[in-house]
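Source: prediction; values computed, not measured. Atoms within a ligand are numbered from 1 in the order they appear, just like the ligands themselves.
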Amino acid sequence: MERAIGVFDSGIGGLTVLREIISLLPEEDTIYLGDTARVPYGTKSAETVRRYAIENARFLVDQGIKILVVACNTASAYSLPALQTLLSIPVVGVVEPGARRAKEVTRNGRVGVIGTEGTIKSRAYEGLLEGYGLQVFSRPCPLFVPLVEEGWIDEEVTYLTAKKYLEPLKEKGVDTLILGCTHYPLLKGVIKKVMGDVNLVDSAEETAKEVRAILEESGGLKKGGGSIHRFFVTDSPERFRAVGRRFLRNNLRDVRKVDIPLL
Ligand code: DGL
């Protein structure tokens with residue numbers, strides 16, 4: 001039997017990453033785990049997020065996956081090295097692909113990073129970007145997550161919130177901004193309105209390209225046939241189904257609640 005691409009996130013947001021993977025690799029089977037019972041990760045400690053990430057990864061590995069994608073920026077920022085050490089399959093996070101893309105597109109070497117409190121506190125993006133010799137200006141934007149989940153993509157309140165968060169970054173003269181959180185690609189319109197002419201780096205798109213490159217190189221791409229997409233959540237599936245449709249731009253059919261084994 002063909003093995004699937006495994007993807008986990010703290011909840012719904014990682015569907016933006018899954019959407020890009022499905023669009024780039026339409027023949028692949030996928031298994032998505034949204035840890036909806038323990039979301040949000042963005043306000044939790046590194047130690048807690050790392051433990052959750054390992055539990056999620058083990059659950060997906062037990063389902064039989066060929067590659068693990070950590071779609072959550074906070075979980076990638078805090079737990080990627082631990083997961084890579086622990087697992088024998090390739091593990092891809094969203095931080096490195098996004099940082100690499102920023103290096104490619106910046107012209108003035110001044111890069112902004114926005115994400116959850118945890119992602120910004122971890123300095124995971126900063127570490128990589130500074131290693132590339134770039135100047136980094138970062139800022140947590142915690143209110144973006146509930147605004148997106150509420151569906152307020154184009155509302156005045158969202159624009160004002162974006163202005164408050166992003167104007168200081170604009171004043172720093174960044175020409176590139178990394179959307180370092182699963183939810184932020186849905187706010188591209190409003191972010192552009194505030195930031196004007198800057199490169200927006202969508203970590204979801206870059207991560208999907210990385211997954212394709214790894215599978216191509218290892219000969220692990222699926223050879224034809226229809227694709228199956230399965231979804232697991234750790235809380236009841238209703239909200240995930242309702243809100244997730246907007247993230248995936250598709251209906252979520254096969255969603256099941258699971259109790260993942262704890263460490
Ligand atoms: N998925 C999280 C991230 O990308 C955002 C939501 C949360 O805080 O759990 O960092």
Practice problem: Take Lys66 and Lys222 through the test side-chain contact (heavy atoms from CB on, under 4.5 Å) and record every step on the way to the result. | Solution: CA-CA 10 Å; Lys66 57 186 171 186; Lys222 189 178 166 193; 4.2 Å; yes

Practice problem: Verify whether one side chain among Thr234 and Tyr52 offers a donor that lies under 3.5 Å from an acceptor in the other. | Solution: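 No, because no side-chain N or O of Thr234 sits under 3.5 Å from a partner of the opposite role on Tyr52.
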
Quiz item: Do Ser236 and Glu238 meet the criterion of a side-chain donor-acceptor pair at a distance under 3.5 Å?
Solution: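 Glu238 and Ser236 do have a side-chain donor-acceptor pair below 3.5 Å.
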
Exercise. Compare Ser10, Gly11, Gly13 and give the one whose heavy atom is closest to atom 6 (C) of ligand 1.
Key: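 Ranked by closest heavy atom to atom 6 (C) of ligand 1, first place is Ser10.
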
Quiz item: Is Thr182 in polar range of ligand 1, meaning some N or O pair under 3.5 Å apart?
Solution: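 It does: an N or O of Thr182 is found under 3.5 Å from an N or O of ligand 1.
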
Self-check item: Backbone or side-chain N or O of Tyr41 under 3.5 Å from ligand 1 N or O
Solution: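 It does: an N or O of Tyr41 is found under 3.5 Å from an N or O of ligand 1.
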
[X] contact mode with ligand 1 (heavy-atom cut-off under 4.0 Å):
{"X": "Asp9", "result": "side chain"}
{"X": "Val39", "result": "side chain"}
{"X": "Thr74", "result": "both"}

What atoms in ligand 1 come closer than 4.0 Å to a heavy atom of [X]?
{"X": "Gly42", "answer": "7 (C), 8 (O), 9 (O)"}
{"X": "Thr116", "answer": "5 (C), 8 (O), 10 (O)"}
{"X": "Cys181", "answer": "3 (C), 4 (O), 5 (C)"}

Quiz prompt | Over all atoms of both residues, closest heavy-atom pair of Ile31 and Gln63 | solution =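 Closest heavy-atom pair between Ile31 and Gln63: CD1-CB, 3.6 Å.
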
Self-check item: Asp175 side chain to Asn108 backbone, donor-acceptor under 3.5 Å
Solution: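 Looks like yes, one N/O pair under 3.5 Å.
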
Quiz item: Regarding Lys172 and the six-membered ring of Phe137, is the cationic atom NZ or CZ under 6.0 Å from the ring centre and inside 45° of its axis?
Solution: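 No, Lys172 does not lie over the aromatic ring of Phe137.
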
Quiz item: Below 6.0 angstrom between ring centroids: does that apply to Phe8 and Phe59?
Solution: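 No.
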
